[in-house]
Amino acid sequence: VDVSGIITGRDQRQVAGFKSLRYGIGSFDLAVQNGENYTAKVTLPGGVIKEYPLPAVKATGIVLSIKNQQQSDSLEVAVFASNDVAGRGGSYFLIGKARGVLCYAAIFSFNDVGFIKRKIAKSLFPTGITRFTVMTADKKPLDDRMIYIDHNDDFNIQVKTDRSGYDPRASV
């Protein structure tokens, strides 16, 4: 269903708004503050408003961001790390799987910069849902995102029967 709503902070002031693009699918950006609590106030069809507390903000970790512009032939993938994570060094994996098949894999490190950005060709993935996961070198998942890739190759299924009509309980 299509939804819209706002995100409020502890003081009930609006810090972000959102509206689904279609079929309830969409995204929004939220600049979080450490120690703050956020609530999503979702307006459902018919005007019903429901409130959902968002997970607590953590002071450490990573953020995986994927921009999937419909007119672009590439995905813009960015991984941001807090200073303590970036300062640890080490290698990380970024993998993209579709339909249970590994379609993309890369090894990266933050090198004290705190972020990496990549452009990844959509042609590497089939039409459908793709899941990107960031993992540690020992394969511990840290973050993941699912996106829908559309190559505009919708199924065109046509069925031709052996008869123009069937009687009730007839063999088909």
Side-chain angles (χ1 to χ4, degrees), residues 2-9 13-40 42 52-154:
D2 289 324
V3 298
S4 62
I6 62 171
I7 306 296
T8 60
R13 281 196 297 176
Q14 180 178 335
V15 294
F18 60 90
K19 182 173 176 28
S20 59
L21 300 174
R22 63 182 168 150
Y23 311 124
I25 299 171
S27 66
F28 63 93
D29 292 323
L30 177 63
V32 297
Q33 300 295 321
N34 190 20
E36 181 67 85
N37 296 318
Y38 298 98
T39 301
V42 181
Y52 300 95
L54 299 181
V57 176
K58 296 181 180 179
T60 184
I62 65 163
V63 174
L64 173 59
S65 171
I66 302 173
K67 293 197 189 281
N68 182 12
Q69 303 295 330
Q70 189 172 5
Q71 65 277 11
S72 176
D73 65 350
S74 298
L75 304 167
E76 295 177 26
V77 179
V79 183
F80 302 90
S82 58
N83 291 336
D84 62 322
V85 172
R88 274 188 222 141
S91 295
Y92 296 87
F93 297 115
L94 173 63
I95 63 167
K97 288 175 103 176
R99 301 179 187 170
V101 176
L102 184 65
C103 300
Y104 176 84
I107 299 174
F108 69 93
S109 61
F110 291 109
N111 296 328
D112 294 326
V113 177
F115 69 93
I116 61 119
K117 290 186 177 184
R118 299 274 193 276
K119 281 198 170 200
I120 302 172
K122 289 182 185 180
S123 61
L124 295 173
F125 308 95
T127 291
I129 296 173
T130 296
R131 175 178 292 236
F132 282 91
T133 305
V134 175
M135 296 187 294
T136 62
D138 58 351
K139 300 178 187 168
K140 177 184 171 195
L142 299 175
D143 204 348
D144 70 356
R145 293 285 176 271
M146 289 190 298
I147 62 166
Y148 184 80
I149 295 177
D150 189 358
H151 293 295
N152 297 313
D153 55 353
D154 297 332

| field | Donor-acceptor contact present, side-chain Ser20 to main-chain Val3, <3.5 Å | value | yes
| Contact check, side chains of Leu94 and Tyr104, non-hydrogen atoms, under 4.5 Å | yes
| task | For atom CG of Asn83, decide whether the heavy atoms of other residues, nucleotides or ligands shown that lie under 6.0 angstrom number more than 12. | result | no
| remark: Per side-chain contact (heavy atoms from CB on, under 4.5 Å), Tyr92 is matched among Val79, Val85, Ile62, Ile107 by Val85
| said: Is it the case that over 12 heavy atoms from other parts of the model lie below 6.0 angstrom from the CD atom of Glu36? | reply: yes
| Nearest non-hydrogen partners of Ile95 and Met135, listed with the distance | CD1-CE, 3.8 Å
| message | If I take atom CD1 from residue Ile6 and atom OG1 from residue Thr39, how far apart are they, to the nearest 0.5 angstrom? | response | 9.5 Å
| Between CD1 of Ile66 and CG of Asp144, what distance do you get to the nearest 0.5 Å? | 9.0 Å
| query | When rounded to the nearest 0.5 angstrom, what is the spacing between CG in Leu30 and CZ in Phe18? | reply | 10.5 Å
| Side-chain touch Glu76/Lys119, heavy atoms, less than 4.5 angstrom | yes
| said: Minimum heavy-atom separation for Phe108 and Val134, please, with both atom names. | reply: CZ-CG1, 4.1 Å
| said: Does any part of the side chain of Leu64, heavy atoms only, come nearer than 4.5 Å to the side chain of Leu142, both counted from C-beta? | reply: no
| said: Looking at every non-hydrogen atom in both residues, tell me the closest pair between Pro126 and Ala98 and how far apart they are. | reply: CD-CB, 3.7 Å
| Set of residues satisfying salt bridge (charged side-chain N to carboxylate O under 4.0 Å, His left out) with respect to Asp84, sequence neighbours excluded | Arg88
| Point-to-point distance, once rounded to the nearest 0.5 Å, from OG of Ser123 to NE2 of His151 | 7.0 Å
| said: Within the 4.5 Å heavy-atom criterion, are Phe80 and Asp143 side-chain neighbours or not? | reply: no
| said: To the nearest 0.5 Å, what is the distance between CD1 on Ile7 and CD on Gln14? | reply: 9.0 Å
| request: Please answer whether the main-chain N or O of Ser91 pairs with a side-chain N or O of Ser109 as donor and acceptor at a distance below 3.5 Å. | output: no
| query | So, do Thr127 and Tyr148 sit near enough that their side-chain heavy atoms are less than 4.5 Å apart? | reply | yes
| message | Could you check whether atom CG of Leu54 has more than 12 heavy atoms from other residues, nucleotides or ligands sitting under 6.0 Å from it? | response | yes
| remark: Between Lys122 and the options Asn68, Asp73, Thr130, the side chain to side chain donor-acceptor pair (under 3.5 Å) test singles out Asn68
| query | Atom OG in Ser82, atom CZ in Phe110: separation rounded to 0.5 Å? | reply | 8.5 Å
| said: Tell me whether the rings of Phe125 and Phe132 are parallel (<30°), tilted (30 to 60°) or perpendicular (>60°). | reply: perpendicular
